[in-house]
Amino acid sequence: MKRALIWILAFVLLTSPVLAAPDAQSDSMQLSADAAVLMEQQTGQILYEKNAHEHLAPASVTKVMTILLIAEMIDSGAMQLTDPVTASATAAAMGGSQVYLEAGESMTVDEMLKCIVVASANDCAVAMAEHISGTETAFADRMNQRAAELGLQDTHFVNCTGLTDDDAHYTSAYDIAVMSREVMRHAWLRDYTTIWMDNIRGGEFGLSNTNKLVRNYQGATGLKTGFTNKAMYCLSATAQRDNDAFIAVVLHAPSSAERFEDAQALLNYAFANFTVYSPAANTVLPPVRIQLGTCQSIQPVFPDGSEIVTAKGSELSCRCELPESLPAPVKAGDEIGTVSVLNGEQVVQQISVTAPEDVPRITVKELWKTILGAL
């Protein structure tokens, strides 16, 4: 028999269908915001949406993209948290939320980032934009380029703060969720996004997080609030409990209290109803023999992103189908088998498992050496 079926049951604390329809709770949720999205953070699965792709003003939630670009610069090594940043007269003149930078005042990237994340400081956002790109306009171009790279089709920025009534500055609840997911990939940013109160200038100026969920919601990890008269009250809220993490975006809520209520309702719905199932963590894949290869066997691996969002209460199992052997050569990434994830008898997802490395075909000379060595 050339192919072996290996059944491995992987039970989790689950009983209902694998995933409820994304809009199953749309009527009962009764959100006050004009637009909203609930996303599972690890997979990007949308669990709820309301006017998800409507073009709306995002106010300071714009800074999710500003924070993302700063984080990517730091992780690439192009900028250090200890680098000094000097405020221009333009940055110092910004209104709205601010830390009252003076023209010529210098802070580190660390301090600037903290002020942007915690206090939504427009002056620090512009100072960072100018530090990175020379001008805020050039930085906005980078923001739009990054949005395009992420596949966002409902976003266009004209500045790094959202402090504008310009109709050309817009995004959507879905696009904000995608940006937020990218931000949360930078795990070190939680040192900033979970700050409730802090200070700068040697303790002389206090900072208080505009995202009240950081203090009041279990597992809150961020991320960004916003308000203008045009945008109304906006919020991208992230939270994690154990291995489950979700993103709730609400745009154009009537009041500050209602935006937090909406976000909490979405997050509560997520934590109560969904969890993430990892086939890789619940399945033991046996090695596959390689015929006439430079090694005798290889260990199949799961691809990145094989996790599945499942409804709490589902009973899942994995069925693996792998060949007993494969002829060389084998290349890294080659599909060598499949794992089917089942809810009862229903296949809910099929995942290809792959070769982790190249296995060249053994040469005639090497084959003779092996034969002679066995004599």
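FYI, side chains are in, hydrogens and waters are out, and symmetry mates aren't considered; it's all heavy atoms of this structure.
- Between the side chains of Gln240 and Thr221, not a single donor N or O lies within less than 3.5 Å of an accepting N or O.
- With a 4.5 Å cut-off on side-chain heavy atoms, Pro58 and His169 count as touching.
- Within a 6.0 Å radius of CZ in Arg215, no more than 12 heavy atoms belonging to other residues, nucleotides or ligands are found.
- Judged by distance alone, the side chain of Thr66 and the main-chain N or O of Cys160 form a donor-acceptor pair under 3.5 Å.
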Review point. Stepwise, does the side-chain contact (heavy atoms from CB on, under 4.5 Å) test hold for Tyr174 with Glu49?
Key: CA-CA 8 Å; Tyr174 173 82; Glu49 59 183 280; over 6 Å; no
Practice item. Quick one: do Met112 and Val109 satisfy side-chain contact (heavy atoms from CB on, under 4.5 Å)? Show the steps, please. Key: CA-CA 5 Å; Met112 290 280 185; Val109 170; 5.6 Å; no
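- Taking the ring centre of Tyr233 as origin, the terminal cationic atom of Arg259 falls outside the region bounded by 6.0 Å and 45° from the ring axis.
- For the pair Asn122 and Ser60, the minimum side-chain heavy-atom distance is below 4.5 Å.
- Taking the charged nitrogens against the carboxylate oxygens, Glu182 and Arg185 do have a contact shorter than 4.0 Å, which makes a salt bridge.
- In the displayed structure, Gln296 atom CD is contacted under 6.0 Å by at most 12 heavy atoms of other residues, nucleotides or ligands.
- The aromatic rings of His156 and Tyr170 sit tilted relative to each other, their planes meeting at an angle between 30° and 60°.
- When each of Val359, Ile362, Ile336 is paired with Ile290, the side chain to side chain contact (heavy atoms under 4.5 Å, CB included) condition holds for Val359 and for no other.
- Residues Ser325 and Gln291 come closest through the heavy atom pair OG-NE2, 2.6 Å.
- Shown here is Arg201, whose CZ atom has more than 12 heavy atoms of other residues, nucleotides or ligands within 6.0 Å.
- Residues Tyr217 and Asn268 have side chains in contact (heavy-atom distance under 4.5 Å, counting atoms from C-beta outward).
- Other residues, nucleotides and ligands contribute only 12 or fewer heavy atoms inside 6.0 Å of the CG atom of Asn243.
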Practice item. Give the C-alpha distance, both sets of side-chain angles, the deciding distance and a yes or no for side-chain contact (heavy atoms from CB on, under 4.5 Å) between Ile74 and Leu81. Key: CA-CA 7 Å; Ile74 291 168; Leu81 285 168; 3.6 Å; yes
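- Both Ile176 and Leu152 belong to a single network of hydrophobic side chains, linked directly or stepwise wherever heavy atoms of I, L, V, M, F, W or Y lie under 4.5 Å apart.
- Side chain of Asn211 to backbone of Lys224: no donor-acceptor contact under 3.5 angstrom is found.
- Screening Ile308, Leu342, Leu316 for a side chain to side chain contact (heavy atoms under 4.5 Å, CB included) with Gln349, the sole residue that qualifies is Ile308.
- In terms of heavy-atom proximity, Ala332 sits nearest to Asp358 at N-OD1, 2.7 Å.
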Review point. Could you walk me through whether Arg146 and Glu149 pass the salt bridge (Lys or Arg N to Asp or Glu O under 4.0 Å) check?
Key: CA-CA 5 Å; Arg146 190 70 181 98; Glu149 291 168 357; 3.3 Å; yes
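- Without hydrogens or angle criteria, Thr283 side chain to Ala280 main chain gives no donor-acceptor distance under 3.5 Å.
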Exercise for review: Please assess Met79 against His131 for the test side-chain contact (heavy atoms from CB on, under 4.5 Å), listing each intermediate value before the final yes or no.
Suggested key: CA-CA 10 Å; Met79 187 168 62; His131 179 75; 3.8 Å; yes
Point to revise | Lys230 vs Asp167, salt bridge (Lys or Arg N to Asp or Glu O under 4.0 Å): CA-CA, chis, key distance, verdict | key: CA-CA 10 Å; Lys230 179 180 180 180; Asp167 289 339; 2.4 Å; yes
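- Side chains of Ser120 and Ser97: a donor-acceptor N/O pair is absent below 3.5 angstrom, by distance only.
- The environment of Glu102 atom CD is sparse: at most 12 non-hydrogen atoms of other residues, nucleotides or ligands sit within 6.0 angstrom.
- Val249 places none of its side-chain heavy atoms less than 4.5 Å from the side chain of Thr171.
- Residues passing the salt bridge (charged side-chain N to carboxylate O under 4.0 Å, His left out) test with Asp110, sequence neighbours excluded: none.
- By the 4.5 Å heavy-atom criterion applied to side chains, Glu40 and Phe274 are not counted as neighbours.
- Side chains of Thr135 and Thr90 form no contact here, defined as non-hydrogen atoms less than 4.5 Å apart.
- Using a 4.5 Å heavy-atom threshold, the side chains of Phe139 and Leu69 count as touching.
- Looking at Gln350 and Ser340, their side chains do bring a donor and an acceptor atom within 3.5 Å of each other.
- Glu258 places a side-chain heavy atom less than 4.5 Å from the side chain of Glu261.
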